[in-house]
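In what follows, a structure is listed as structure tokens, so that the remarks can point back to it.
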Amino acid sequence: MKVAVAGGTGTVGRHVVDALRAAGHQPVVLTRASGVDLLDGAGLADALRGIDTVVDVSSTNTASAKKSLAFFESVTRNLLSAERKAGVGHHVALSVVNAAKVPASYYAGKVAQEKMIMAVPGGWSLLRASQFHELTEVLIRQGRVGPVQIVPQMRAQPIAAVEVAAELASIALGEPRGLVPDLAGPRPERVSDMVRRFLQSTGRPRPVLEVFVPGAWGRGMREGTFLPDPGTRLGQQSFDEWLGTAAC
């Protein structure tokens with residue numbers, strides 16, 4: 001099969017590409033470097049010729065609901081429109097576990113994306129996953145203030161991006177499944193502890209300070225709203241197991 005991957009160079013996307021290639025299929029990465037602009041749709045018509053399935057794992061680094069909405073609505077609209085014209089029969093997308101419970105900040109865009117996809121009559125699969133182990137690396141890059149590491153008060157049940165990617169690749173190679181059962185990591189963690197352990201394992205120990213994030217999004221993070229519901233499917237690799245490989 002020929003599968004286009006939007007966001008194919010990102011945290012999850014690069015693993016999706018690897019999984020598809022390892023299974024003997026042909027991934028096509030949709031990037032500006034390949035002449036495709038997801039935000040305005042430029043180049044999509046040509047890029048989707050002969051494509052069987054599109055996997056959308058594109059993302060934006062923002063905590064602004066307005067910017068998140070603008071990104072996900074534009075990208076989803078452009079992809080769905082181009083897919084329809086090109087005769088692509090399967091759209092696969094990744095969202096976040098329980099984002100709809102707090103459609104604020106970054107998650108506002110994910111909820112809008114979900115609604116747009118679900119409005120399409122058939123031909124789609126949607127997987128919701130919990131936050132990734134790799135979130136720690138993002139927080140460390142963004143949250144250093146002098147000698148202190150700032151981290152939002154948050155509880156999560158993280159999963160390895162490579163496990164989510166393997167699931168997405170498997171979905172992409174089959175028939176549309178609609179809403180796929182959620183996927184989360186094997187156990188809950190306090191994000192500040194994850195960051196502290198990552199820093200220690202990579203030889204960069206420093207004080208980690210939890211900060212209060214105001215608003216609905218901050219409350220959701222503190223109260224565990226984004227933790228998976230009972231009975232959710234669980235991945236295999238724990239954060240500490242992932243940390244052993246990431247620190248090498």
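- Atom CD in Gln131 sits 9.5 Å away from atom CE in Met221 (nearest 0.5 Å).
- Of all the heavy atoms in Val88 and Leu48, the pair that sits closest is CG2-O, 4.2 Å.
- Proximity of a side-chain donor or acceptor of Ser81 to a complementary backbone N or O of Asn78 within less than 3.5 Å is not detected.
- Closest approach of Ala156 and Val191 over heavy atoms only: CB-CG2, 4.0 Å.
- For the pair Leu139/Pro152, a side-chain contact is recorded, criterion being any heavy-atom separation below 4.5 Å from C-beta on.
- Between the side chain of Ser74 and the main chain of Phe71, no donor-acceptor pair closer than 3.5 Å is present.
- Note that OG1 of Thr53 is 9.0 Å distant from CD of Glu83, once rounded to the nearest 0.5 Å.
- If you take CE on Met1 and CG on Leu173, they are separated by 5.5 Å, rounding to the nearest 0.5 Å.
- One finds the CG atom of Leu69 at 10.0 Å from the OG1 atom of Thr62 (value rounded to the nearest 0.5 Å).
- Follow the hydrophobic side-chain contacts under 4.5 Å out from Leu30 and you never reach Val55; the two are in separate clusters.
- The nearest pair of heavy atoms linking Val57 to Gly13 is CG2-CA, 3.6 Å.
- Between the side chain of Glu163 and the main chain of Gln237, a donor-acceptor pair closer than 3.5 Å is present.
- Side-chain N/O atoms of Ser59 and Tyr106 include a donor and acceptor closer than 3.5 Å.
- A salt bridge does not link Asp52 with Lys2: every distance from a Lys NZ or Arg NE/NH1/NH2 to an Asp or Glu carboxylate oxygen is 4.0 Å or more.
- Side-chain contact between Leu79 and Leu44: present, with at least one pair of heavy atoms (C-beta onward) separated by less than 4.5 Å.
- Ring centers of Tyr107 and Phe226: under 6.0 Å apart, within the cut-off.
- Closest non-hydrogen pair, Leu39 versus Asp37, comes out as N-OD1, 2.9 Å.
- In terms of hydrophobic clustering, with Ile, Leu, Val, Met, Phe, Trp and Tyr side chains grouped at heavy-atom distances under 4.5 Å, Val75 and Met116 are assigned to different clusters.
- Looking at Gln157 and Ser130, their side chains never bring a donor and an acceptor atom within 3.5 Å of each other.
- Using modelled atom types and a 3.5 Å distance limit, the side chains of Asp240 and Ser238 yield no donor-acceptor pair.
- The pair Arg197-Glu189 counts as a salt bridge, with a side-chain nitrogen and a carboxylate oxygen less than 4.0 angstrom apart.
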### Residues Arg144, Gln149; criterion side-chain hydrogen bond (donor to acceptor under 3.5 Å, both in side chains); working and verdict
CA-CA 5 Å; Arg144 183 167 185 177; Gln149 185 70 47; 5.7 Å; no

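- Leu38 and Leu94 are not part of a single hydrophobic cluster, where members link through side-chain heavy atoms under 4.5 Å apart.
- Taking every heavy atom of both residues into account, Glu175 and Ser125 meet most closely at O-OG, 4.3 Å.
- Between the side chains of Ser192 and Glu210, at least one donor N or O lies within less than 3.5 Å of an accepting N or O.
- If you take CZ on Phe132 and CD1 on Ile159, they are separated by 8.0 Å, rounding to the nearest 0.5 Å.
- Linking ILVMFWY side-chain heavy atoms closer than 4.5 Å, directly or via other members, places Val17 and Val36 in two distinct hydrophobic clusters.
- Distance alone, capped at 3.5 Å, places no donor-acceptor pair between the Thr232 side chain and the Pro228 backbone.
- Counting heavy atoms from C-beta outward, Ser201 and Leu243 have side chains that approach closer than 4.5 Å.
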### Message
salt bridge (Lys or Arg N to Asp or Glu O under 4.0 Å), that's the test. Do Glu167 and Arg233 meet it? Break it down for me.
### Response
CA-CA 12 Å; Glu167 176 75 358; Arg233 293 185 301 151; 3.0 Å; yes

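- Across Ser95, Ser105, Pro103, a single residue satisfies side chain to side chain contact (heavy atoms under 4.5 Å, CB included) together with Lys110, and that is Ser95.
- Formation of a donor-acceptor pair under 3.5 Å by the Thr76 side chain with backbone atoms of Phe72 is found in this model.
- At least one side-chain heavy atom of Ile171 sits less than 4.5 Å from a side-chain heavy atom of His90.
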### Task
Walk me through it: do Asp56 and Gln113 pass the test side-chain contact (heavy atoms from CB on, under 4.5 Å)?
CA-CA 11 Å; Asp56 182 14; Gln113 178 190 29; 3.3 Å; yes

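- Between Arg128 and Asp229 there is no salt bridge, since none of the side-chain N atoms of the basic residue sits less than 4.0 Å from a carboxylate O of the acidic one.
- Here the side chain of Ser58 pairs no donor or acceptor atom with the backbone of Gly7 at under 3.5 angstrom.
- No donor-acceptor pair under 3.5 Å is formed between the side chain of Arg177 and the backbone N or O of Leu127.
- Put simply, the side chain of Arg206 reaches to within 4.5 Å of the side chain of Ile140, judged on heavy atoms.
- Counting non-hydrogen atoms of other residues, nucleotides and ligands closer than 6.0 Å to CZ of Arg204 gives a total above 12.
- Two residues are said to be in side-chain contact when any heavy atoms from C-beta on lie closer than 4.5 Å; Arg21 and Pro27 meet this criterion.
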### Message
Val3 vs Ile51, test: side-chain contact (heavy atoms from CB on, under 4.5 Å). Steps then yes/no.
### Response
CA-CA 6 Å; Val3 181; Ile51 294 293; 5.9 Å; no

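- Not one N or O on the side chain of His91 forms a donor-acceptor pair closer than 3.5 Å with the backbone of Trp124.
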#### Entry: side-chain contact (heavy atoms from CB on, under 4.5 Å) between Val145 and Leu209, worked out
CA-CA 10 Å; Val145 180; Leu209 177 64; over 6 Å; no

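- For Trp217 against Ala63, the heavy-atom pair with the smallest separation is CZ3-CB, 4.0 Å.
- Residues Phe239 and Val151 share a hydrophobic cluster, clusters being chains of Ile/Leu/Val/Met/Phe/Trp/Tyr side chains in contact below 4.5 Å.
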### Task
Start with the C-alpha distance between Glu114 and Leu126, add both sets of side-chain angles, then the distance that settles side-chain contact (heavy atoms from CB on, under 4.5 Å), and finish with yes or no.
CA-CA 8 Å; Glu114 288 188 10; Leu126 177 64; 3.7 Å; yes

